[in-house]
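What follows is a short report on a single structure.
Every chain is numbered from 1, with letters handed out A, B, ... down the list of sequences.
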Protein chains: 2
Amino acid sequence: MASKDRILRLKEETRVNILDAALLIGKQEGWQALSMRKIADIIEYTAPIIYEYFANKEAIMMELTKKGYCILAKAMKAAKEAQDTPAKQLEALWITYWNFAFTEKELYQLMFGIEVNCCVFEKSIPEIEGPANMLTASIKEVMGNKNPTEDEVCKWYYTFWSIVHGLISINHVRQSVPDGINEQVLKDAIAGIIQAIKE
Amino acid sequence: MASKDRILRLKEETRVNILDAALLIGKQEGWQALSMRKIADIIEYTAPIIYEYFANKEAIMMELTKKGYCILAKAMKAAKEAQDTPAKQLEALWITYWNFAFTEKELYQLMFGIEVNCCVFEKSIPEIEGPANMLTASIKEVMGNKNPTEDEVCKWYYTFWSIVHGLISINHVRQSVPDGINEQVLKDAIAGIIQAIKE
DNA sequence: ACCTTTGTTTAACACTGTTAAATTATTTAA
DNA sequence: TTAAATAATTTAACAGTGTTAAACAAAGGT
């Protein structure tokens, strides 16, 4: 019976509509504002219907996470194929990763557990500057004999901060970083950057 | 009147109790489980009195964030003073930062907007491995002539991932990264790591 | 026409942050 | 000591959340 197919197609369509609605809310209002009733509003149903398609709210976010990984993988594949040497390919892969994180900002936040809501203050909390000031001061000292520009110090500060914070974040959300890798990456990176700063 | 002082002291005490209770819940159940009524339960009051001490829930988390920065600053100060050369000091600062992120894991997550709840699946989503596989494969290719061990490839993979993800995270939660720094850090880091891989 | 299955909604439960009103306790004044 | 004023605390409520069970309506098959 063809009507069965039509109904299946309709069901698949509302499944997609649910995901689209959820992504829309995530983009417009942030993930913390995502609610089942808001999704229901957009797809013009009542909330319980969503549970016919997804086990719960988290399952919807999981599906979007999956979608994010697919989009990212596709973009990376294309980027790699556009280059000829291995080194260029590797660079292109990471540039693509970087670009994805901003063109699909909300998906990236979902995929890697980044919260934007709290601690966006920045101003109004002087304590935030304590560690930052100490680090930039220390970097300046290491570069003492070379009269570095403010921009250069800033660059090294963010280079340090990025790798340390990045490694921490990865460890916090995923506990499966292979044994010993943390120490190796951290030690080598710090030593490497200090070396690069000096010369 | 001394009774005024006693009352002020009591008020200060419950203020501290509120913060302690909030931190306890954050540590035991995660920040997403923090609620005003749970705090009230612990300090043996009802929820509305918390609003005599803090404007709202976010203000409590802000205060804990501030506390986190103070603890971190203090530890970093001590770490720096324990070293004599600028290079050693710089290294000690970052090691201290790293250690803080794990000994005060929950505070760190509050300070830098790390969500742990979602996307902790890891298993059960094969899509997650697509990008990872492409990147490690590409790294292997760049190292093609040197027969690298699995561990070495893994190290470089995490080195790359950490710095890129770290820089992205920082940009997502704080929009105040100075102009041009992103490009500089990203480009130099990628080039530097590829260089280090090759030699 | 009736029965069964499916799709959909309503109502409810146990929560959440937050506020206003009511209540209790404490301090002050007479 | 008692009465009034003030402060401390709680209760009740509102609007929202995720989720489930029951009620209802629509369609399908016999």
(message) Any base atoms under 4.0 Å from B:Leu34, or only sugar-phosphate, or nothing? Heavy atoms, all strands.
(response)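 Sugar-phosphate contact only.
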(request) Identify whether any heavy atom of A:Tyr51 sits under 4.0 Å from a base atom; if not, whether one sits that close to sugar-phosphate; answer base, sugar-phosphate or nothing. (result) base
In whole angstrom, give the distance that lies between atom [atom1] of [X] and atom [atom2] of [N].
{"X": "A:Glu58", "N": "D:dT19", "atom1": "CD", "atom2": "P", "value": "9 Å"}
{"X": "B:Glu52", "N": "D:dT9", "atom1": "CD", "atom2": "C1'", "value": "9 Å"}
{"X": "A:Ile49", "N": "C:dT10", "atom1": "CD1", "atom2": "P", "value": "12 Å"}
{"X": "A:Asp41", "N": "C:dT9", "atom1": "CG", "atom2": "P", "value": "11 Å"}
{"X": "A:Gln32", "N": "D:dG18", "atom1": "CD", "atom2": "C1'", "value": "16 Å"}
{"X": "B:Asn56", "N": "D:dG16", "atom1": "CG", "atom2": "P", "value": "18 Å"}

(request) With DNA chain D as reference, determine whether A:Ala55 or A:Ala33 sits nearer its 5' end, using the nearest nucleotide of each. (result)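 With A:Ala55 and A:Ala33 compared, the 5'-side residue is A:Ala33.
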(request) Would you mind telling me which residue lines up with the more 5' stretch of DNA chain D, A:Lys38 or A:Pro48, judged by nearest nucleotide? (result) A:Lys38
(request) Please state whether the base of D:dG18 and the side chain of A:Arg37 form at least one donor-acceptor pair under 3.5 Å? (result) yes
(message) Test your reading of the model: is there a side-chain donor-acceptor pair from B:Ser162 to the backbone of B:Thr159, 3.5 Å cut-off?
(response) no
(message) I'd like to know if the side chain of A:His165 pairs up with that of B:Tyr108 as donor and acceptor (distance under 3.5 Å, no hydrogens or angles considered).
(response) yes
(message) Quick check on D:dT9: is either OP1 or OP2 less than 4.0 Å from any side-chain nitrogen or oxygen of B:Thr46?
(response) no
(request) State plainly whether the residues A:Glu141 and B:Lys80 are in salt-bridge range, i.e. N to O under 4.0 Å. (result) yes
(request) Measure from the ring center of A:Trp98 to the ring center of A:Phe102 and say whether it is less than 6.0 Å. (result) yes
(request) For this output row, return yes or no: ring centroids of A:Trp156 and A:Phe160 closer than 6.0 angstrom. (result) no
(message) Starting the side chain at C-beta, find the nucleotide from D:dT19, C:dT8, D:dT17 nearest to A:Tyr45.
(response)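 Nearest listed nucleotide: C:dT8.
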(message) Can you identify which nucleotide, out of C:dG17, D:dG18, C:dT18, has its nearest atom closest to the A:Lys57 side chain?
(response)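 Looking only at side-chain atoms, A:Lys57 lies closest to D:dG18.
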